[in-house]
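Chain naming here is simple, since letters A, B, ... match the order of the sequence lines and numbering starts at 1 in each.
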Amino acid sequence: MANPPDDAIIRVRDLTVEFGGGKTRVLNGLNLDVKRGEVLGFVGPSGAGKSVLMRTIIGLVPRLAGDIEVFGVDLGSADSDARRAVERRWGILFQHGALFSSLSVRQNIQFPVREYLKVSERLLDEITIAKLGMVGLKPEVADRYPSELSGGMIKRVALARALALDPELVFLDEPTSGLDPIGAGDFDDLVMTLQRTLGLTVFMVTHDLDSLYTACDRIAVLGDGKVIAVGSIEEMRASQHPWLKSYFHGKRARAVVT
Amino acid sequence: MNGGPALERMTQGDALALYASGPWTARYAPDLEVLVGDIEKMNSQSKRVLIDVSKVAKLDTFGAWLIERLSRSLALTGAELRIAGLSANYSTLVDEVRRVKETPPPDREPVTVKATLERIGRSVAQIGDTLIGIIDMTGALLFALWTVVRHPTRFRLTSVVHHLEQVCWRAVPIVVLITFLIGCIIAQQGLFHFRRFGADVFVVDMLGVLVLREIGVLLVAIMVAGRSGSAYTAELGSMKMREEIDALRTMGFDPIEVLVLPRIIALVIGLPALTFLGAMAALYGGGLVAWLYGGVEPEAFLLRLRDAISIDHFMIGMVKAPFMAIVIGIVACVEGMLVRGSAESLGQHTTASVVKGIFFVIVMDGIFAIFFASIGK
Ligand SMILES: Nc1ncnc2c1ncn2[C@@H]1O[C@H](COP(=O)(O)OP(=O)(O)OP(=O)(O)O)[C@@H](O)[C@H]1O
Ligand SMILES: [Mg+2]
């Protein structure tokens, strides 16, 4: 499969995104590389444009300028077959779950699988239960509808759906928000297990300091429409940038470290 | 094999060895299922089974699960089972799927006579629920109206004006166009058939009575039910879905007062206005056709019209309009409030809103017809 030589699975160059015909410029000449097999944590103040960046990379938000390559394919110029090939290889967890409200949990998880694989109902059901188990849900949940789930359960089902096809790359928008601390910890473990075993690459937008410490290999910080810092958690902690300082040395951060 | 997965089998006395190789991943799941299924069907009598996965190039949850499924079904035959060559990385994955319990059978309801009968029964019972819902909503509305009358500051004028724009002002072009065309058609058909009896001029009578009494208001009400009734249901329904209505309630607002009352007031004002415009457009269209197609001069048309109709006909049409507005509005809002979590439910209730809205409008028209006939108008 075609991958860029330096093994950047996502490559973003000079990305500019505006809304309202130039009234609000959310991203302004942003550059970012996500390497194969890493867990990249993406942080930044609320409203900085993290979700917008994620949605732009996956092609939901039009860009004003810049290049985006995923798996070495430029999604801006790719034809629909190339796009589909890429879409089959990634899984996406939206900030608000985005489960199909008229399908049950089982159908939600099976939806992408049915589309791409011709497998028996039995295997579909078994895989559904396996995925539910991986995200910490009981099999009984399978026949409920999204409106009958709690907020945290919606997150988990959405994650199970994102992982349904065992993708190589997953985009997670605040996966642990709305989970209890134990569930969030399990989630971090799951991400690490998948990364180790499947070689999964994870692009994770998060505000969860625990996740940043335990699950992320590298952290990127978004500010003023650009990536203002990238590096390991130690580098982030050593940074003199005022926002980073208050983020990693604030009251909550101290509580995590100690 | 050409890059795909494989599962070779070797028997030696009472021992069976299975060698898995190639990529055991989701992409090859259909092939893998066949491979594993073959072994399961083989129904081996071997006492000892070895599954060697050291040649597996790539493993993901699909592959791990199929290996697990294989070992489970072999374990059922009472064989002593060993999995060899599982790297440390992959064994965590296999452990992960090992926790999967035997799958509960998904409930897929069988289609039986009983289930069908039950469904029919339930949908009949739902008609009663609709009526109760309408009565309930009427009560809540009257209560909200009373509250607003007692505390006029709580009346939401901005909201009413906004909805008036949506249901009335923006509907003017389509309502005028359609009633105009219907007026033309009535006149044309009337002329065509009446001419045979030399009764051309009675077309004006028919047009006037029909449009002012029945067609004008009925047509406009049906259009409004389709246009605004569906919008009301969809708006309220999606607010219901996203807990916006619950939020309103917890802030101490009455959703009926804040959301439903302004909408219904807007309809009660808007529908008669549209009915008036629609009736005029239909008469105009009919007059135009009578002139161009039937050769009835505009002056003659107007004179005849004045003789043929009385203010009663006009009033009867107009009196019906606000009642139809109330029915459409209440049905739409009841349906909106019944929406449950899913997008599908929103669609169902929006459809139901339009269907029931139109149905009640016609029933209402029938009741009015009987009423006016019995008071001799
Ligand atoms: N469709 C849109 N139209 C206009 N502005 C938008 C749109 N989507 C996002 N924005 C704006 O872009 C900015 C970034 O939004 P975004 O959702 O990416 O924030 P975020 O970094 O994900 O924040 P959070 O951490 O709260 O999720 C915000 O100021 C938002 O108002
Ligand atoms: Mg966001």
### Query
With a cut-off of 6.0 Å (strictly less than), are more than 12 heavy atoms of other residues, nucleotides or ligands near CD of B:E243?
no
### Task
Please check if atom CD1 in A:I182 has more than 12 non-hydrogen atoms from other residues, nucleotides or ligands closer than 6.0 Å.
no
### Task
List the steps and the verdict of side chain to side chain contact (heavy atoms under 4.5 Å, CB included) for A:E126 and B:E68.
CA-CA 11 Å; A:E126 288 165 348; B:E68 173 64 17; over 6 Å; no
### Query
What part of A:S120 lies closer than 4.5 angstrom to a heavy atom of chain B: side chain, backbone, both or neither?
both
### Query
Between A:A142 and chain B, which part of the residue has a heavy atom less than 4.5 Å away: side chain, backbone, both or neither?
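The answer is neither part of A:A142.
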### Message
Quick check against the 3.5 Å criterion: does A:S101 have a side-chain atom that pairs as donor or acceptor with the backbone of B:A343?
### Response
yes
## Note on the structure
Most contact-rich option vs chain B, by heavy-atom pairs under 4.5 angstrom, among A:A164, A:S104, A:S147, A:S102, is A:S102
### B:R340, part contacting chain A, at a heavy-atom distance under 4.5 Å
neither
### Task
State, to 0.1 Å, how close B:A29 and A:L117 come at their nearest heavy-atom pair, and which atoms those are.
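That would be CB-CD1, 4.1 Å.
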### Task
Using side-chain hydrogen bond (donor to acceptor under 3.5 Å, both in side chains) as the criterion, list what pairs up with B:E244, not counting sequence neighbours.
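Result, side-chain hydrogen bond (donor to acceptor under 3.5 Å, both in side chains) vs B:E244: B:R242.
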### Query
Between CZ of B:R27 and CG of A:D166, what distance do you get to the nearest 0.5 Å?
12.5 Å
### Spacing of CG belonging to A:L123 relative to CG belonging to B:L32, to within rounding of 0.5 Å
9.0 Å
